[in-house]
Number of protein chains: 2
Amino acid sequence: MTSAGAERSAVSRMSAAERRPVLIEAGLRVIAREGIAGASTRAIVAEAGMSLASFHYAFESREAFLDELTASVVARESQAVLPLPDVDGDLREVVEAGFTRYLDHLRADPAREQAMLELTQHALRAPERHPLAVAQYRRYAELAEEALITAAEHVGVTWRVPVPEVAGVLVAFSDGITLNWLVHRDDHAARVAARAAADALSRMADPR
Amino acid sequence: MTSAGAERSAVSRMSAAERRPVLIEAGLRVIAREGIAGASTRAIVAEAGMSLASFHYAFESREAFLDELTASVVARESQAVLPLPDVDGDLREVVEAGFTRYLDHLRADPAREQAMLELTQHALRAPERHPLAVAQYRRYAELAEEALITAAEHVGVTWRVPVPEVAGVLVAFSDGITLNWLVHRDDHAARVAARAAADALSRMADPR
DNA sequence: GTCTATACACCGATAGAC
DNA sequence: GTCTATCGGTGTATAGAC
(Lines give C-alpha, C1' and ligand atoms only; values in the text may rest on other atoms or scores of the structure.)
Protein backbone atom coordinates (compact mmCIF):
# COMPACT_ATOMS: atom_id res chain seq x y z
CA MET A 1 0.00 0.00 0.00
CA THR A 2 1.14 3.57 -0.81
CA SER A 3 4.25 2.03 -2.27
CA ALA A 4 3.63 3.67 -5.64
CA GLY A 5 6.00 6.59 -5.98
CA ALA A 6 7.13 6.70 -2.38
CA GLU A 7 10.72 7.71 -1.96
CA ARG A 8 12.83 6.01 0.68
CA SER A 9 13.83 9.25 2.36
CA ALA A 10 14.32 9.36 6.15
CA VAL A 11 13.41 7.37 9.24
CA SER A 12 10.72 9.88 10.03
CA ARG A 13 9.06 9.29 6.69
CA MET A 14 8.31 5.60 6.52
CA SER A 15 5.18 3.89 5.41
CA ALA A 16 3.46 1.47 7.74
CA ALA A 17 4.64 -1.39 5.55
CA GLU A 18 8.23 -0.24 6.00
CA ARG A 19 7.85 0.23 9.72
CA ARG A 20 6.62 -3.28 10.34
CA PRO A 21 9.90 -5.14 9.78
CA VAL A 22 11.80 -2.42 11.67
CA LEU A 23 9.51 -2.89 14.65
CA ILE A 24 9.76 -6.66 14.41
CA GLU A 25 13.54 -6.41 14.48
CA ALA A 26 13.47 -4.04 17.44
CA GLY A 27 10.97 -6.23 19.25
CA LEU A 28 13.15 -9.27 18.80
CA ARG A 29 16.09 -7.38 20.33
CA VAL A 30 13.98 -6.31 23.30
CA ILE A 31 12.62 -9.80 23.87
CA ALA A 32 16.11 -11.29 23.67
CA ARG A 33 17.36 -8.72 26.17
CA GLU A 34 14.47 -8.57 28.63
CA GLY A 35 12.01 -11.30 27.81
CA ILE A 36 8.47 -11.09 26.53
CA ALA A 37 7.30 -9.58 29.78
CA GLY A 38 9.63 -6.65 29.18
CA ALA A 39 8.57 -6.22 25.58
CA SER A 40 5.99 -3.50 26.12
CA THR A 41 4.90 -1.43 23.18
CA ARG A 42 6.73 1.51 24.77
CA ALA A 43 9.97 -0.46 25.05
CA ILE A 44 9.70 -1.65 21.46
CA VAL A 45 9.12 1.76 19.91
CA ALA A 46 11.90 3.21 22.05
CA GLU A 47 14.23 0.53 20.67
CA ALA A 48 13.07 1.28 17.15
CA GLY A 49 13.29 5.04 17.65
CA MET A 50 9.67 5.70 16.86
CA SER A 51 6.71 7.22 18.59
CA LEU A 52 4.19 5.07 20.39
CA ALA A 53 1.43 5.89 17.94
CA SER A 54 3.46 4.50 15.04
CA PHE A 55 3.20 1.08 16.62
CA HIS A 56 -0.57 0.92 16.44
CA TYR A 57 -0.46 2.43 13.01
CA ALA A 58 1.63 -0.51 11.81
CA PHE A 59 0.02 -3.26 13.94
CA GLU A 60 -3.49 -3.72 15.19
CA SER A 61 -2.41 -4.80 18.65
CA ARG A 62 0.54 -6.02 20.65
CA GLU A 63 -0.66 -9.60 20.33
CA ALA A 64 -0.94 -9.33 16.56
CA PHE A 65 2.57 -7.92 16.60
CA LEU A 66 3.88 -10.87 18.64
CA ASP A 67 2.16 -13.29 16.28
CA GLU A 68 3.87 -11.77 13.27
CA LEU A 69 7.19 -11.60 15.10
CA THR A 70 6.97 -15.29 15.96
CA ALA A 71 6.20 -16.24 12.40
CA SER A 72 9.00 -14.12 10.99
CA VAL A 73 11.58 -15.36 13.44
CA VAL A 74 10.85 -18.98 12.67
CA ALA A 75 11.36 -18.38 8.97
CA ARG A 76 14.78 -16.98 9.73
CA GLU A 77 15.91 -19.81 12.00
CA SER A 78 16.34 -21.89 8.87
CA GLN A 79 19.71 -20.63 7.77
CA ALA A 80 21.39 -21.00 11.12
CA VAL A 81 20.89 -24.71 11.53
CA LEU A 82 20.31 -26.14 8.11
CA PRO A 83 23.64 -26.12 6.32
CA LEU A 84 25.06 -29.43 7.43
CA PRO A 85 28.71 -29.47 8.34
CA ASP A 86 30.63 -31.25 5.65
CA VAL A 87 32.23 -33.90 7.79
CA ASP A 88 33.12 -37.41 6.83
CA GLY A 89 32.42 -40.44 8.97
CA ASP A 90 29.48 -42.62 9.82
CA LEU A 91 25.96 -41.34 10.39
CA ARG A 92 26.44 -40.95 14.12
CA GLU A 93 29.41 -38.66 13.58
CA VAL A 94 27.63 -36.57 10.99
CA VAL A 95 24.59 -36.12 13.21
CA GLU A 96 26.77 -35.30 16.20
CA ALA A 97 28.58 -32.71 14.10
CA GLY A 98 25.19 -31.20 13.35
CA PHE A 99 24.47 -30.94 17.07
CA THR A 100 27.90 -29.41 17.63
CA ARG A 101 27.15 -26.82 15.02
CA TYR A 102 23.83 -26.02 16.65
CA LEU A 103 25.49 -25.74 20.07
CA ASP A 104 27.95 -23.21 18.63
CA HIS A 105 24.98 -21.28 17.33
CA LEU A 106 23.37 -21.44 20.78
CA ARG A 107 26.51 -20.32 22.59
CA ALA A 108 26.95 -17.46 20.16
CA ASP A 109 23.48 -16.06 20.86
CA PRO A 110 21.80 -17.67 23.88
CA ALA A 111 19.32 -14.85 24.29
CA ARG A 112 17.92 -15.57 20.87
CA GLU A 113 17.13 -19.20 21.62
CA GLN A 114 15.74 -18.21 24.98
CA ALA A 115 13.49 -15.76 23.19
CA MET A 116 12.29 -18.51 20.86
CA LEU A 117 11.40 -20.69 23.83
CA GLU A 118 9.51 -17.84 25.43
CA LEU A 119 7.60 -17.17 22.25
CA THR A 120 6.62 -20.81 22.09
CA GLN A 121 5.36 -20.84 25.64
CA HIS A 122 3.54 -17.59 25.10
CA ALA A 123 1.78 -19.08 22.09
CA LEU A 124 0.94 -22.21 24.09
CA ARG A 125 -0.96 -20.16 26.65
CA ALA A 126 -3.88 -18.90 24.60
CA PRO A 127 -5.86 -21.49 22.64
CA GLU A 128 -6.17 -19.17 19.63
CA ARG A 129 -2.38 -18.87 19.45
CA HIS A 130 -1.66 -22.56 19.92
CA PRO A 131 -1.57 -23.11 16.12
CA LEU A 132 1.29 -20.62 15.98
CA ALA A 133 3.38 -22.80 18.28
CA VAL A 134 2.48 -25.84 16.21
CA ALA A 135 3.51 -24.04 13.02
CA GLN A 136 6.76 -23.02 14.67
CA TYR A 137 7.58 -26.62 15.58
CA ARG A 138 6.40 -27.96 12.23
CA ARG A 139 8.94 -25.66 10.64
CA TYR A 140 11.64 -26.95 12.99
CA ALA A 141 10.66 -30.49 12.02
CA GLU A 142 10.84 -29.66 8.32
CA LEU A 143 14.34 -28.33 8.72
CA ALA A 144 15.29 -31.42 10.70
CA GLU A 145 13.83 -33.70 8.03
CA GLU A 146 15.78 -31.97 5.32
CA ALA A 147 18.99 -32.28 7.29
CA LEU A 148 18.36 -35.92 8.12
CA ILE A 149 17.71 -36.86 4.51
CA THR A 150 20.83 -35.05 3.36
CA ALA A 151 22.90 -36.72 6.06
CA ALA A 152 21.63 -40.19 5.20
CA GLU A 153 22.40 -39.68 1.53
CA HIS A 154 25.80 -38.32 2.37
CA VAL A 155 26.88 -41.40 4.30
CA GLY A 156 24.87 -43.86 2.26
CA VAL A 157 22.28 -45.21 4.65
CA THR A 158 18.50 -45.47 4.74
CA TRP A 159 16.19 -44.36 7.52
CA ARG A 160 14.36 -47.36 8.92
CA VAL A 161 12.03 -45.26 11.05
CA PRO A 162 9.87 -42.78 9.08
CA VAL A 163 11.86 -39.57 8.65
CA PRO A 164 9.16 -37.34 10.19
CA GLU A 165 9.36 -39.41 13.35
CA VAL A 166 13.14 -39.20 13.41
CA ALA A 167 12.88 -35.47 12.89
CA GLY A 168 10.47 -35.18 15.81
CA VAL A 169 12.95 -36.90 18.07
CA LEU A 170 15.73 -34.66 16.82
CA VAL A 171 13.74 -31.51 17.55
CA ALA A 172 12.73 -32.76 20.99
CA PHE A 173 16.27 -33.64 21.98
CA SER A 174 17.60 -30.32 20.68
CA ASP A 175 15.00 -28.48 22.72
CA GLY A 176 15.91 -30.31 25.89
CA ILE A 177 19.62 -29.81 25.38
CA THR A 178 19.01 -26.13 24.72
CA LEU A 179 16.94 -25.54 27.83
CA ASN A 180 19.40 -27.39 30.05
CA TRP A 181 22.33 -25.50 28.62
CA LEU A 182 20.51 -22.22 29.24
CA VAL A 183 20.13 -23.24 32.88
CA HIS A 184 23.56 -24.71 33.60
CA ARG A 185 25.71 -23.17 30.85
CA ASP A 186 27.53 -26.49 30.99
CA ASP A 187 29.21 -27.16 27.63
CA HIS A 188 30.42 -30.58 28.68
CA ALA A 189 26.97 -31.75 29.73
CA ALA A 190 25.56 -30.45 26.45
CA ARG A 191 28.18 -32.37 24.48
CA VAL A 192 27.43 -35.58 26.38
CA ALA A 193 23.73 -35.19 25.70
CA ALA A 194 24.39 -34.35 22.06
CA ARG A 195 26.48 -37.47 21.66
CA ALA A 196 23.78 -39.58 23.27
CA ALA A 197 21.16 -38.02 21.02
CA ALA A 198 23.27 -38.61 17.91
CA ASP A 199 23.76 -42.18 19.02
CA ALA A 200 20.04 -42.79 19.43
CA LEU A 201 19.16 -41.11 16.14
CA SER A 202 21.79 -42.90 14.09
CA ARG A 203 20.44 -46.24 15.25
CA MET A 204 17.21 -45.46 13.42
CA ALA A 205 18.95 -45.99 10.09
CA ASP A 206 20.27 -49.07 8.33
CA PRO A 207 23.11 -49.48 5.83
CA ARG A 208 21.73 -49.22 2.36
CA MET B 1 5.40 -17.49 64.67
CA THR B 2 2.26 -16.92 66.77
CA SER B 3 1.71 -20.62 66.45
CA ALA B 4 1.62 -21.00 70.22
CA GLY B 5 -1.96 -21.55 71.31
CA ALA B 6 -3.55 -20.64 68.02
CA GLU B 7 -6.63 -22.61 67.25
CA ARG B 8 -7.29 -23.67 63.68
CA SER B 9 -10.66 -21.99 63.51
CA ALA B 10 -11.81 -20.41 60.25
CA VAL B 11 -10.38 -19.21 56.98
CA SER B 12 -10.69 -15.65 58.13
CA ARG B 13 -8.55 -16.30 61.17
CA MET B 14 -5.25 -17.60 59.84
CA SER B 15 -1.75 -16.66 60.80
CA ALA B 16 0.64 -15.49 58.15
CA ALA B 17 2.49 -18.78 58.43
CA GLU B 18 -0.72 -20.62 57.66
CA ARG B 19 -1.60 -18.34 54.79
CA ARG B 20 1.66 -18.87 53.00
CA PRO B 21 1.08 -22.45 51.82
CA VAL B 22 -2.53 -21.62 50.97
CA LEU B 23 -1.38 -18.75 48.77
CA ILE B 24 1.34 -20.90 47.20
CA GLU B 25 -1.26 -23.51 46.34
CA ALA B 26 -3.62 -20.91 44.89
CA GLY B 27 -0.78 -19.29 42.98
CA LEU B 28 0.19 -22.59 41.43
CA ARG B 29 -3.40 -23.11 40.28
CA VAL B 30 -3.50 -19.64 38.74
CA ILE B 31 -0.16 -20.09 36.98
CA ALA B 32 -1.23 -23.48 35.65
CA ARG B 33 -4.45 -21.96 34.37
CA GLU B 34 -3.28 -18.62 33.03
CA GLY B 35 0.50 -18.54 33.08
CA ILE B 36 2.87 -16.43 35.13
CA ALA B 37 1.79 -13.31 33.29
CA GLY B 38 -1.74 -13.86 34.60
CA ALA B 39 -0.62 -14.55 38.13
CA SER B 40 -1.13 -11.07 39.52
CA THR B 41 -1.33 -10.65 43.26
CA ARG B 42 -4.99 -9.83 42.83
CA ALA B 43 -5.68 -13.00 40.86
CA ILE B 44 -3.87 -15.08 43.45
CA VAL B 45 -5.70 -13.72 46.47
CA ALA B 46 -9.01 -14.05 44.62
CA GLU B 47 -8.18 -17.72 44.00
CA ALA B 48 -7.28 -18.15 47.65
CA GLY B 49 -10.33 -16.24 48.87
CA MET B 50 -8.35 -13.65 50.74
CA SER B 51 -7.97 -9.90 50.67
CA LEU B 52 -5.18 -8.25 48.76
CA ALA B 53 -3.50 -6.99 51.92
CA SER B 54 -3.12 -10.54 53.25
CA PHE B 55 -0.75 -11.27 50.42
CA HIS B 56 1.79 -8.67 51.43
CA TYR B 57 1.31 -9.62 55.04
CA ALA B 58 2.44 -13.15 54.21
CA PHE B 59 5.04 -12.32 51.55
CA GLU B 60 7.36 -9.38 51.16
CA SER B 61 6.77 -9.06 47.43
CA ARG B 62 5.38 -10.85 44.41
CA GLU B 63 8.87 -11.88 43.35
CA ALA B 64 9.65 -13.32 46.77
CA PHE B 65 6.37 -15.21 46.50
CA LEU B 66 7.30 -16.64 43.11
CA ASP B 67 10.69 -17.67 44.44
CA GLU B 68 9.12 -19.59 47.30
CA LEU B 69 6.51 -21.08 44.99
CA THR B 70 9.20 -22.33 42.65
CA ALA B 71 11.17 -23.89 45.47
CA SER B 72 8.11 -25.56 46.97
CA VAL B 73 6.88 -26.92 43.68
CA VAL B 74 10.20 -28.52 42.87
CA ALA B 75 10.24 -30.30 46.22
CA ARG B 76 6.86 -31.79 45.40
CA GLU B 77 7.78 -32.97 41.92
CA SER B 78 9.79 -35.70 43.62
CA GLN B 79 6.97 -38.06 44.42
CA ALA B 80 5.43 -37.98 40.99
CA VAL B 81 8.43 -39.26 39.08
CA LEU B 82 10.62 -41.06 41.54
CA PRO B 83 8.87 -44.33 42.36
CA LEU B 84 10.21 -46.51 39.60
CA PRO B 85 7.74 -48.83 37.97
CA ASP B 86 8.44 -52.35 39.07
CA VAL B 87 8.94 -53.87 35.66
CA ASP B 88 11.18 -56.71 34.71
CA GLY B 89 13.39 -56.72 31.67
CA ASP B 90 16.68 -55.23 30.59
CA LEU B 91 17.81 -51.74 31.44
CA ARG B 92 16.37 -50.22 28.29
CA GLU B 93 12.92 -51.54 29.14
CA VAL B 94 13.09 -50.33 32.72
CA VAL B 95 14.20 -46.84 31.67
CA GLU B 96 11.52 -46.71 28.97
CA ALA B 97 8.92 -47.72 31.55
CA GLY B 98 10.13 -44.79 33.63
CA PHE B 99 9.53 -42.45 30.70
CA THR B 100 6.11 -43.97 30.13
CA ARG B 101 5.25 -43.31 33.73
CA TYR B 102 6.39 -39.72 33.41
CA LEU B 103 4.37 -39.28 30.22
CA ASP B 104 1.27 -40.49 32.06
CA HIS B 105 2.00 -37.92 34.71
CA LEU B 106 2.37 -35.25 32.02
CA ARG B 107 -0.85 -36.21 30.26
CA ALA B 108 -2.71 -36.20 33.55
CA ASP B 109 -1.72 -32.61 34.33
CA PRO B 110 -0.13 -30.81 31.39
CA ALA B 111 -0.75 -27.37 32.83
CA ARG B 112 1.41 -28.25 35.78
CA GLU B 113 4.44 -29.12 33.69
CA GLN B 114 3.86 -26.08 31.55
CA ALA B 115 3.86 -24.00 34.71
CA MET B 116 7.17 -25.54 35.76
CA LEU B 117 8.70 -24.61 32.41
CA GLU B 118 7.43 -21.06 32.75
CA LEU B 119 8.84 -20.78 36.24
CA THR B 120 12.21 -21.92 34.94
CA GLN B 121 12.22 -19.37 32.15
CA HIS B 122 11.09 -16.67 34.52
CA ALA B 123 13.99 -17.49 36.82
CA LEU B 124 16.38 -17.48 33.87
CA ARG B 125 15.48 -13.91 33.01
CA ALA B 126 16.82 -12.06 36.04
CA PRO B 127 20.44 -12.77 37.03
CA GLU B 128 19.58 -12.77 40.72
CA ARG B 129 17.02 -15.51 40.16
CA HIS B 130 19.20 -17.64 37.92
CA PRO B 131 20.41 -19.71 40.92
CA LEU B 132 16.79 -20.67 41.50
CA ALA B 133 16.58 -22.24 38.07
CA VAL B 134 19.87 -24.00 38.67
CA ALA B 135 18.60 -25.33 42.00
CA GLN B 136 15.41 -26.50 40.30
CA TYR B 137 17.36 -28.45 37.72
CA ARG B 138 19.86 -29.75 40.26
CA ARG B 139 16.91 -31.24 42.09
CA TYR B 140 15.63 -32.81 38.90
CA ALA B 141 19.09 -34.26 38.33
CA GLU B 142 19.20 -35.66 41.87
CA LEU B 143 15.91 -37.42 41.34
CA ALA B 144 17.15 -38.75 38.03
CA GLU B 145 20.37 -40.01 39.62
CA GLU B 146 18.46 -41.81 42.31
CA ALA B 147 16.20 -43.47 39.76
CA LEU B 148 19.12 -44.42 37.54
CA ILE B 149 21.04 -46.04 40.39
CA THR B 150 17.99 -47.98 41.50
CA ALA B 151 17.31 -49.11 37.96
CA ALA B 152 20.88 -50.29 37.41
CA GLU B 153 20.83 -52.25 40.64
CA HIS B 154 17.48 -53.73 39.78
CA VAL B 155 18.65 -55.18 36.48
CA GLY B 156 22.22 -55.84 37.59
CA VAL B 157 24.31 -53.52 35.48
CA THR B 158 26.86 -50.81 36.13
CA TRP B 159 26.88 -47.28 34.73
CA ARG B 160 29.95 -46.80 32.56
CA VAL B 161 29.37 -43.07 32.20
CA PRO B 162 29.36 -41.11 35.50
CA VAL B 163 25.83 -41.19 36.89
CA PRO B 164 25.52 -37.39 37.17
CA GLU B 165 26.22 -37.13 33.47
CA VAL B 166 23.67 -39.81 32.64
CA ALA B 167 21.18 -37.99 34.85
CA GLY B 168 21.85 -34.75 32.99
CA VAL B 169 21.04 -36.41 29.71
CA LEU B 170 17.89 -37.92 31.18
CA VAL B 171 16.66 -34.56 32.40
CA ALA B 172 17.45 -32.87 29.11
CA PHE B 173 15.64 -35.50 27.06
CA SER B 174 12.66 -35.42 29.39
CA ASP B 175 12.46 -31.65 29.03
CA GLY B 176 12.53 -31.81 25.28
CA ILE B 177 9.93 -34.54 25.11
CA THR B 178 7.72 -32.56 27.48
CA LEU B 179 7.90 -29.34 25.52
CA ASN B 180 7.22 -31.07 22.22
CA TRP B 181 4.28 -32.96 23.65
CA LEU B 182 2.86 -29.69 25.00
CA VAL B 183 3.04 -28.27 21.49
CA HIS B 184 1.80 -31.22 19.45
CA ARG B 185 -0.09 -33.30 22.03
CA ASP B 186 1.20 -36.24 20.00
CA ASP B 187 1.39 -39.33 22.21
CA HIS B 188 2.91 -41.44 19.50
CA ALA B 189 5.74 -38.99 18.84
CA ALA B 190 6.41 -38.79 22.58
CA ARG B 191 6.62 -42.56 22.82
CA VAL B 192 9.04 -42.75 19.90
CA ALA B 193 11.24 -40.12 21.49
CA ALA B 194 11.03 -41.83 24.87
CA ARG B 195 12.09 -45.11 23.33
CA ALA B 196 15.02 -43.43 21.59
CA ALA B 197 16.01 -41.75 24.84
CA ALA B 198 15.81 -44.99 26.78
CA ASP B 199 17.89 -46.64 24.10
CA ALA B 200 20.62 -44.00 24.30
CA LEU B 201 20.67 -43.99 28.10
CA SER B 202 20.77 -47.76 28.48
CA ARG B 203 23.86 -47.90 26.27
CA MET B 204 25.72 -45.93 28.92
CA ALA B 205 25.75 -48.99 31.18
CA ASP B 206 27.62 -52.30 31.02
CA PRO B 207 26.69 -55.72 32.36
CA ARG B 208 28.17 -56.12 35.81
C1' DG C 1 0.70 10.44 8.08
C1' DT C 2 3.00 11.38 12.17
C1' DC C 3 3.44 13.22 16.28
C1' DT C 4 2.02 14.67 21.51
C1' DA C 5 -1.17 14.21 24.97
C1' DT C 6 -4.23 11.54 27.24
C1' DA C 7 -7.92 8.02 28.42
C1' DC C 8 -8.63 4.11 30.95
C1' DA C 9 -7.50 -0.46 33.04
C1' DC C 10 -4.61 -2.88 35.90
C1' DC C 11 -0.42 -3.57 38.33
C1' DG C 12 2.29 -4.03 43.10
C1' DA C 13 2.32 -2.16 47.36
C1' DT C 14 0.66 0.38 51.53
C1' DA C 15 -1.95 3.57 54.72
C1' DG C 16 -5.35 3.72 57.88
C1' DA C 17 -9.99 2.24 59.67
C1' DC C 18 -11.65 -1.37 62.47
C1' DG D 1 -4.26 -8.84 62.55
C1' DT D 2 -7.30 -8.11 58.90
C1' DC D 3 -9.83 -5.60 56.11
C1' DT D 4 -11.17 -1.52 52.52
C1' DA D 5 -9.56 2.27 50.13
C1' DT D 6 -6.11 4.31 47.75
C1' DC D 7 -1.38 5.71 45.95
C1' DG D 8 1.96 5.93 42.30
C1' DG D 9 3.30 3.74 38.29
C1' DT D 10 2.88 1.35 33.93
C1' DG D 11 0.34 -1.06 30.46
C1' DT D 12 -2.36 -0.82 25.75
C1' DA D 13 -4.71 1.91 22.88
C1' DT D 14 -6.53 6.21 20.84
C1' DA D 15 -8.01 11.16 20.14
C1' DG D 16 -6.68 15.24 18.28
C1' DA D 17 -3.10 18.75 16.98
C1' DC D 18 -0.08 19.55 13.17
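Throughout, a chain's letter reflects where its sequence line sits, starting with A, and its residues are numbered from 1. Values reported hereafter were calculated over all heavy atoms of this structure, with side chains retained and with hydrogens, waters and symmetry mates removed.
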Quick check: do B/D67 and B/F59 have side-chain heavy atoms less than 4.5 Å from each other? no

Ring centre gap for B/Y137 and B/Y140 strictly below 6.0 Å: yes

Send over the distance from B/E60 CD to C/dA13 P, rounded to a whole Å. 9 Å

Does one side chain, of B/E118 or A/H122, offer a donor that lies under 3.5 Å from an acceptor on the other? no

Nearest to side-chain heavy atoms of B/Y57, which nucleotide of C/dC3, C/dA13, D/dG1: D/dG1

Closest to the A/S61 side chain: D/dA13, D/dT4, D/dT6? D/dA13

In whole angstrom, what separates A/L52's CG from D/dG16's P? 17 Å

If I take atom CD in residue B/E63 and atom P in nucleotide C/dG12, what distance separates them, rounded to the nearest angstrom? 10 Å

Check every atom of C/dC11, D/dC3, C/dC3 against the side chain of A/S51 and return the nucleotide holding the closest atom. C/dC3

From CZ of B/F55 over to C1' of C/dA13, roughly how many Å is that when rounded to an integer? 10 Å

Regarding the side chain of A/S40, the nearest nucleotide among D/dG11, C/dA13, D/dC3 is D/dG11

Round to the nearest Å and state the distance from B/R62 atom CZ to C/dA13 atom P. 9 Å

How long is the line joining CG of B/L66 and P of C/dC11, in whole Å? 14 Å

Looking at A/V171, A/L170, A/D175, A/V169, which one forms a side chain to side chain contact (heavy atoms under 4.5 Å, CB included) with A/F173? A/V169

Expressed in angstrom and rounded to an integer, what is the separation of A/H56 atom NE2 from D/dA13 atom P? 4 Å

Starting from C1' on C/dC3, measure out to CE on A/M50 and report it in whole angstrom. 13 Å

Which part of the nucleic acid, if any, lies within contact of B/S54, taking any heavy atom under 4.0 Å across all strands shown: a base, the sugar-phosphate backbone alone, or nothing? sugar-phosphate

